[in-house]
Structure formats: C-alpha cells, structure tokens
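Here is the structure we will look at, set down as structure tokens.
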Amino acid sequence: MENNNIENIPRIIGKYTSNTKGPLLFVTGGVHGNEPSGVIALQKVFEELKKTRPEIAGTIIGVAGNKQALNQNKRFIDEDLNRTWTKENVAKKKAATQEQKEMFEIIDVLEQYPESDFTKRYFLDCHTTSAATVPFISVQEVNDNDNWAHKFPTYIIRGFSDIVYGCIDHYLSRIGVTGFVFEAGQHEDPASIENHEGVIWLALKEACSLDLNQISCYPECVDNFVKKNAPEQKTFEIIYRHGLEDGDKFKMEPGFENFQKIKKGELLALQNEEEIRSKWDAFIFMPLYQSQGNDGFFVVQEVEYQK
Ligand SMILES: [Zn+2]
C-alpha cells in the first residue's frame with residue numbers, strides 16, 4: 001500500500017470550489033487509522049481537481065479522520081474514533097482521549113462550513129474492511145439518506161449503521177447532513193482505492209453537478225468502481241445479528257464470503273461445540289474470521305427499493 005503518501009497527513013486533505021453557490025460535500029477518510037484507502041483516493045481526486053479545474057456547484061472538502069492513528073498505521077490510539085460521536089461526548093466539549101481530540105477537531109472543521117452557507121450538506125465516510133468484500137454502502141435510515149444512497153451503483157445495506165452507537169455518520173445525520181458510509185473493500189486491496197475514488201467522483205456529480213467529462217481521468221477513474229469492481233445495485237436489510245459473549249468459542253464454517261447466499265438448515269458456524277444452522281434462505285453478511293469481535297455474523301435479506 002502507498003503508505004508513504006499518508007505520513008504527516010494534514011487534517012484538511014483538500015478543498016475545492018468554483019465559487020458558485022451550491023451544496024457542501026464533506027468527505028472523510030481514515031476515521032480508522034489502518035484504513036488509508038479513503039485518504040489516498042481523496043489525494044488523487046484533489047490532484048485531478050487542481051489540474052483540470054472543472055466547474056462545480058458548491059464545495060468539496062476532504063478531511064482526514066484519525067490523523068495520529070493514520071500516521072502510525074494503527075486502527076486507533078486510545079479508543080475507536082467511530083464510537084466516540086455520542087451525544088454525551090460531543091456535549092462535554094472536552095477531550096478525554098486522543099480520539100475525542102480528533103473528533104472535536106473534525107467538528108471544528110465542519111463548523112467552518114455551516115448549513116446556512118450551502119443549499120444542502122452531504123457527507124461521505126470512507127472505510128475498508130479486514131475481510132475481502134464487494135464494495136457496499138451502509139446507510140442509516142434517517143433523513144433522506146436512503147434516497148441519496150440509491151443514486152450510487154452498488155450494494156446498499158440498511159440497518160447496520162443504526163445498531164452501532166457513536167459512529168461519525170450518526171453524528172452527521174443527527175445534525176442534518178445527508179450521507180452514508182462506504183466500505184470500499186479489503187484494507188490493502190488496491191481496488192479499494194479505485195472504489196473510493198469512483199464513489200467520490202460520483203458524489204461530486206450527484207451533489208455538486210460535476211460534468212464528469214470535464215475531468216481528465218474519466219472514464220477510467222469512475223468505471224474502475226462502477227463497471228469493474230461494483231456489483232449491480234441491490235438493497236439489503238439486516239434481519240438477524242448473531243452476537244457473541246466474551247469467552248464464547250466461535251468458529252465460522254470456512255469459505256463464506258460477504259453477501260453469499262445461505263439456505264435454511266445450512267451449517268454456518270460452531271459455537272461452544274454446538275452447530276449454528278441458518279433459519280433463513282437469505283444472505284450472510286460480515287462473517288467473522290478474525291479472532292476479535294462480538295458479531296459472529298449477520299443475516300441480510302434482499303428488499304425492493306421504492307422511491
Ligand atoms: Zn473503518
């Protein structure tokens with residue numbers, strides 16, 4: 001991975017506007033410090049914007065998430081920056097950990113771009129996963145997030161972001177910014193950078209009316225995501241979470257991929273020597289193959305999207 005690019009990363013990776021009133025597109029990368037893909041994609045996008053200077057409506061700003069952890073290539077320093085954004089923590093206005101300090105710095109940046117200065121405010125939070133996966137959007141079902149998410153051509157998961165408290169997307173949704181989390185693929189997979197770059201360009205088109213033909217890397221920098229790496233758009237909802245207790249001996253059956261079809265009765269895992277079988281004809285989501293975590297797996301069902 002192009003790690004040398006992300007040493008001493010500044011908080012603001014880039015900012016671009018053609019001084020026309022319009023929306024704000026607030027893009028975060030590296031909220032988890034071991035996920036530099038979004039940061040690298042943002043660097044590429046701003047380099048291209050600087051070079052070709054296309055017309056856009058409004059402003060895009062790219063922001064580094066967990067700066068200190070990014071610079072050390074660690075997931076976090078004291079605590080997970082994607083769990084700190086609770087109402088209580090934000091109200092305290094005083095940082096008790098390195099990550100809370102990062103959080104308040106990011107809030108300070110956003111506060112320089114108030115709602116009143118823009119026609120609308122959007123966010124895009126860029127992540128990657130430890131296991132291989134097709135790129136997917138995780139959308140919290142509040143405000144107009146779900147409609148916005150459906151402008152993007154890949155799998156969309158509803159209900160996953162809703163069950164984890166303290167994420168940055170909760171905070172942004174809570175203050176009325178529209179957006180979603182984008183999981184681009186495995187941490188070190190070069191395709192993750194392609195997917196992040198593609199989704200940022202598409203967000204610029206959808207939010208800030210960018211004509212993609214104006215940029216010199218088009219179509220490749222968009223089609224790597226849209227045509228090469230992304231599955232066709234489908235919408236899924238979480239129907240089951242298989243939670244684990246501390247001390248549980250859990251072993252997923254080998255070979256499950258994210259979004260793989262599962263059948264009723266199929267053996268999914270062993271937990272404390274007992275067989276866990278599927279009660280559903282559905283799809284498996286985020287099967288646990290690493291040693292840590294309290295989620296064994298999720299089961300998701302495909303649903304129709306109605307506008
Ligand atoms: Zn992440």
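As the structure lists them, so they are numbered: ligands from 1, and atoms in each ligand from 1. Remember, it's a predicted structure, so these values are computed and weren't measured experimentally. Computed from heavy atoms alone, side chains included, the values below leave out hydrogens, waters and symmetry copies.
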* Using the six-membered ring wherever Trp is involved, compare the ring planes of His170 and Tyr165 and label them parallel, tilted or perpendicular (cut-offs 30° and 60°). => perpendicular
* To do: Kindly indicate whether the side chain of Glu55, heavy atoms from C-beta on, has any atom under 4.5 Å from the side chain of Asp211.
  => no
* Structure fact -> Residue pairs meeting salt bridge (charged side-chain N to carboxylate O under 4.0 Å, His left out), one or both in residues 121-132, sequence neighbours left out, come to none
* Taking the six-membered ring for Trp, are the ring centroids of Phe160 and Phe298 within less than 6.0 Å of each other? -> yes
* Asn19: side-chain contact (heavy atoms from CB on, under 4.5 Å) partners, not counting sequence neighbours -> Thr17
Show me the donor-acceptor pairs, under 3.5 Å and distance only, between side chains in residues 173-183 and residues at least two apart or in other chains.
residue	atom	partner	partner atom	Å
Ser173	OG	Asn145	ND2	3.1
Ser173	OG	Asp169	O	3.0
Arg174	NH1	Trp85	O	3.4
Arg174	NH2	Trp85	O	3.0
Thr178	OG1	Lys120	NZ	3.2
Thr178	OG1	Asp144	OD1	2.5

* To do: Starting from the Zn ion (ligand 1), count all protein N, O or S atoms within a radius below 2.8 Å.
  => 4
